[in-house]
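Worksheet: one structure, shown below.
Each ligand, and each atom within it, is numbered from 1 in the order the structure gives. Scope of the values below: all heavy atoms of this structure, side chains included, with no hydrogens, waters or symmetry mates.
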Amino acid sequence: MGGSAILSDDWEFATNEARTVVLIGRAGDGKSSTGNTILGRKVFRSMPHSAGVTTTCEVQRTQLPNGQILDVIDTPGLFDFSGDSETVGNEIVKCIDLAKDGIHGVLLVLSVRSRFTREQQAAVESFQHFFGNKISDYMVVVFTGGDDLEDNDVTLDDYLTDRTEPLQEILAMCQNRHVLFDNRSKDPIKKADQLKELLEQVSLVVEMNGGKPYTNDIFKKLKV
Ligand SMILES: Nc1nc2c(ncn2[C@@H]2O[C@H](COP(=O)(O)OP(=O)(O)OP(=O)(O)O)[C@@H](O)[C@H]2O)c(=O)[nH]1
Ligand SMILES: [Mg+2]
């Protein structure tokens, strides 16, 4: 047991380099709230009943209970093409610049309270197109509004089987990696559990990609 303990300590030390996750999704679906839940503090501005609150990419750092340093990048609603595409493009580039050591996970935030339409699907696909197909290997879907499902006695599985094709297709693109979040929860156990589940999905993605984050190089190669 002693030997393996030393090994696992080494292993943990090796993975203690900072990781970076990026929150993407439509305005008002809960990106900033999800960021705050992950960080365990309210740093990203979030407002009820309004969309377009976040206007620029921002990074915040936290240290997880296991010692892992995690950088969380919040973004404006990149999918609302009411904003001109040049602005959206600039924000994406800025986001890549903020993730100096690359992106380990892309969290696609979708509220269970809003409908996932063909337009939404198209927006996710244009995001994928912009970053290259490889980006979907880094994606995890985070459904927000877990409290809403609970209030209506609906399980996530129920919710998902009822869903329309666009959502099914996006989930398939992410190899069905998804978690449910309740950003309103005050229950410490629930909060710890949902965070743990999310971090497990991110670790899975990191492993799947051989520990290699999505980097500026991949992005630049695509752009030339
Ligand atoms: N009930 C409930 N409300 C949530 C949840 N997550 C976010 N919200 C609410 O949804 C609203 C929008 O959340 P934000 O985090 O500001 O959304 P955003 O995606 O950052 O929005 P923009 O910055 O405008 O793009 C706020 O009123 C949040 O309190 C959740 O899990 N449950
Ligand atoms: Mg926001």
>> What protein heavy atom lies closest to atom 16 (O) of ligand 1? Include the residue and the distance to one decimal.
In response: S46 OG, 3.2 Å

> Is the shortest N/O to N/O distance between D148 and ligand 1 below 3.5 Å?
Replying inline: no

>> Are there over 12 heavy-atom neighbours, none belonging to D101, within less than 6.0 Å of that residue's CG?
In response: no

> Closest heavy-atom contact between C57 and C95?
Replying inline: SG-CB, 3.7 Å

> Among L199, L39, T20, whose side chain to side chain contact (heavy atoms under 4.5 Å, CB included) with L70 holds?
Replying inline: L199

>> If hydrophobic clusters are built from ILVMFWY residues whose side chains come within less than 4.5 Å, do V140 and L204 share one?
In response: no

>> What do you get for the angle at the Mg ion (ligand 2) between OG1 on T54 and OG on S32, to the nearest 10 degrees?
In response: 90°

>> Is the contact between R113 and ligand 1 made by the side chain, the backbone, both, or neither, using heavy atoms and a 4.0 Å cut-off?
In response: side chain

> For ligand 1, which atoms sit closer than 4.0 Å to a heavy atom of D147?
Replying inline: 1 (N), 2 (C), 30 (C), 31 (O), 32 (N)

> In the protein, what heavy atom is nearest to atom 25 (O) of ligand 1, and what distance, to one decimal place, separates them?
Replying inline: K31 NZ, 2.9 Å

>> Looking at non-hydrogen atoms alone, which of S114, G28, G25 comes nearest to atom 22 (P) of ligand 1?
In response: G28

> Considering distance alone, does some N or O of G52 sit under 3.5 Å from an N or O of ligand 1?
Replying inline: yes

>> Please confirm whether the ring centroid of F181 lies under 6.0 Å from the ring centroid of F143.
In response: no

>> We want to know whether Q121 and E125 form a side-chain donor-acceptor pair, criterion being a heavy-atom distance below 3.5 angstrom.
In response: yes

> In the protein, which heavy atom is nearest to atom 27 (O) of ligand 1, and how far is it?
Replying inline: P48 CA, 2.9 Å

> Above 12 or not: heavy atoms from other molecules or residues under 6.0 Å from NZ of K134?
Replying inline: yes

> Should the proximity of F181 to ligand 1, defined as any heavy atom under 4.0 Å, be assigned to the side chain, the backbone, both, or neither?
Replying inline: backbone

>> Counting non-hydrogen protein atoms only, what is the nearest one to atom 28 (C) of ligand 1? Give residue, atom name and distance.
In response: S33 OG, 3.6 Å

> Counting from 1, what ligand 1 atoms have a heavy atom of D182 closer than 4.0 Å?
Replying inline: 31 (O)

>> Tell me the protein heavy atom at minimum distance from atom 29 (O) of ligand 1, and give that distance in Å.
In response: R184 NH2, 3.1 Å

>> Within the 4.0 Å heavy-atom shell around V53, which atoms of ligand 1 are there?
In response: 22 (P), 23 (O), 24 (O)

> More than 12 heavy atoms of other residues, nucleotides or ligands under 6.0 Å from NZ of K94: is that the case?
Replying inline: yes

>> Show me which atoms of ligand 1 lie under 4.0 Å from any heavy atom of G77.
In response: 25 (O)

>> Side chains of S111 and R26 only: does a donor on one sit below 3.5 Å from an acceptor on the other?
In response: no

> What residue and atom, counting heavy atoms only, is the protein's closest point to atom 11 (C) of ligand 1, and at what distance?
Replying inline: M47 O, 3.9 Å

> Where is the nearest protein heavy atom to atom 30 (C) of ligand 1: which residue, which atom, and how far?
Replying inline: G145 N, 3.5 Å

> So which protein heavy atom does atom 17 (O) of ligand 1 come closest to, and at what separation?
Replying inline: G30 N, 3.1 Å

>> Are L107 and L160 connected into the same hydrophobic cluster when the rule is that any two of I, L, V, M, F, W, Y join if their side-chain heavy atoms are below 4.5 Å apart?
In response: yes

> Has R41 got more than 12 heavy atoms of other residues, nucleotides or ligands less than 6.0 Å from its CZ?
Replying inline: yes

